[in-house]
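One structure below.
Counting from 1, the numbers follow the sequence of the chain as shown. We count ligands from 1, going down the list as the structure has it; atoms in each ligand are counted the same way.
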Amino acid sequence: MKLYTYPLTSNAIKVSLLLNYLQLSFTEVLIQLPEGEQYKAQFKQRNPNCSIPVLEDDGLIIWESNAILLHLQEKYGEAKAGSESIQKVQSMRWLCWQMGSWNKVVLPYAHQRVVAPFWGMPANESAIAEHADSLPKLAKIVDTHLQQQRYLTGEQLDISDFSLAASLMFWQQAKIPLQEYPAILQWLAGLQASDWWQQSALQLDDFISSGSLT
Ligand SMILES: N[C@@H](CCC(=O)N[C@@H](CS)C(=O)NCC(=O)O)C(=O)O
C-alpha cells in the first residue's frame with residue numbers, strides 16, 4: 001500500500017492518523033507541494049485534481065481523503081465499527097460536513113500559520129479571516145454534540161473523528177480559538193493521548209525537523 005502525501009497538511013494527516021490507528025504498514029511517497037510536484041504528469045495520472053492524499057492499494061487508486069478513510073475502514077477496520085447502517089449514515093453525514101463546511105473554516109489556520117511558514121512564506125491572515133466568523137457556529141455544533149456522546153457518531157471512535165480532528169493537529173500553534181468549547185477540548189485530549197495520535201505527531205515532528213520522510 002502506498003500513500004502519496006505531503007504530511008503536514010490536514011487532509012493528509014487524517015489518513016496518516018487512521019493508518020497508524022489500524023497499524024497498517026504502508027510506504028509514503030512524498031509529493032513536494034511547494035515545488036509543484038503535484039502537477040507533474042506522473043502524479044496527475046494518479047490524481048487528475050493534482051492534490052494529495054492519494055492511496056494506492058492493490059492496484060486501486062483512491063483520491064479524496066474521506067473516500068480513503070472509508071476504504072480503509074471497509075477493508076481493514078474492525079467489523080463492529082461503523083457496520084450498523086445508522087452509524088454509517090451518521091458517519092457519512094460528518095464526513096460530508098467536514099468537507100463542505102468544517103474544512104473551509106478550520107483548515108486555513110494550520111495551513112497559514114504552520115505550513116506556510118514552514119515553506120518560508122508569510123501567513124496569509126486574510127485567508128483565515130475570510131471564514132473566521134463561521135468558526136463559533138461550527139465549533140458549537142461539534143461541542144454540543146460531543147457533550148452528549150464521547151465520539152462524533154456515538155461511544156465508538158469513528159473515521160469521522162479522524163476526519164475532523166486532523167485539522168486540529170496543530171491547534172495551539174495555529175491559535176485556533178477553541179477555548180470556549182470544553183467538549184471539543186476533552187475529545188481532542190482523549191485522541192491526543194492515544195498511541196496512534198502520538199505516533200503521527202512524532203512523524204510530523206520528524207518531518208518538520210528533517211524536511212523528508214524517515
Ligand atoms: N478534497 C480533497 C482536497 C485535497 C487537497 O486540497 N489537498 C491539498 C493538500 S491538503 C493539496 O494537495 N494541494 C495542492 C495544490 O492545491 O496545489 C481531499 O480531501 O483529498
Open item on the list: Quick one about Asn11 and Thr9 (side-chain donor to acceptor, distance below 3.5 Å, no hydrogens or angles considered), yes or no?
Closed with: no
Open item on the list: On a heavy-atom basis, I'd like to know which of Asn11, Ile13, Ile52 is closest to atom 12 (O) of ligand 1.
Closed with: Ile52
Task: OG-CH2 distance between Ser101 and Trp94, expressed to the nearest 0.5 angstrom - done: 10.0 Å
Open item on the list: Out of the candidates Ile159, Ile68, Leu19, Leu69, only one should pair with Lys14 under the side-chain contact (heavy atoms from CB on, under 4.5 Å) rule; please name it.
Closed with: Leu69
- [ ] Specify side chain, backbone, both or neither for Tyr39, according to which of its non-hydrogen atoms lie closer than 4.0 Å to ligand 1.
- [x] side chain
TODO: Take every heavy atom of Pro53, measure it against each atom of ligand 1, and state whether any distance is under 4.0 Å.
DONE: yes
Task: Contact atoms of ligand 1, heavy-atom distance to Met99 under 4.0 Å - done: 1 (N), 19 (O)
Open item on the list: Check this for me: does any side-chain nitrogen of one of Lys88 and Glu74 sit under 4.0 Å from a carboxylate oxygen of the other?
Closed with: yes
Task: Glu130, Gln112, Arg113 screened by side-chain contact (heavy atoms from CB on, under 4.5 Å) with Asn124, the one that passes - done: Gln112
- [ ] Considering heavy atoms of the protein only, find what lies nearest to atom 11 (C) of ligand 1 and give residue, atom and distance to 0.1 Å.
- [x] Ser51 CB, 3.7 Å
Task: Distance, nearest 0.5 Å, that separates CD of Glu28 from CD1 of Ile52 - done: 10.5 Å
- [ ] Please write down residue, atom name and distance for the protein heavy atom closest to atom 14 (C) of ligand 1.
- [x] Gln38 NE2, 3.6 Å
Task: Closest protein heavy atom to atom 9 (C) of ligand 1, given as residue, atom name and distance to 0.1 Å - done: Thr9 OG1, 3.7 Å
Open item on the list: Students should be able to answer this: which protein heavy-atom is nearest to atom 1 (N) of ligand 1, and at what distance?
Closed with: Glu64 OE1, 2.9 Å
- [ ] Classify the ring geometry between Phe207 and Phe118 as parallel (under 30°), tilted (30 to 60°) or perpendicular (over 60°).
- [x] tilted
Task: Minimum non-hydrogen distance to atom 20 (O) of ligand 1, winning option of Ser65, Ala67, Ala110, Gly36 - done: Ser65
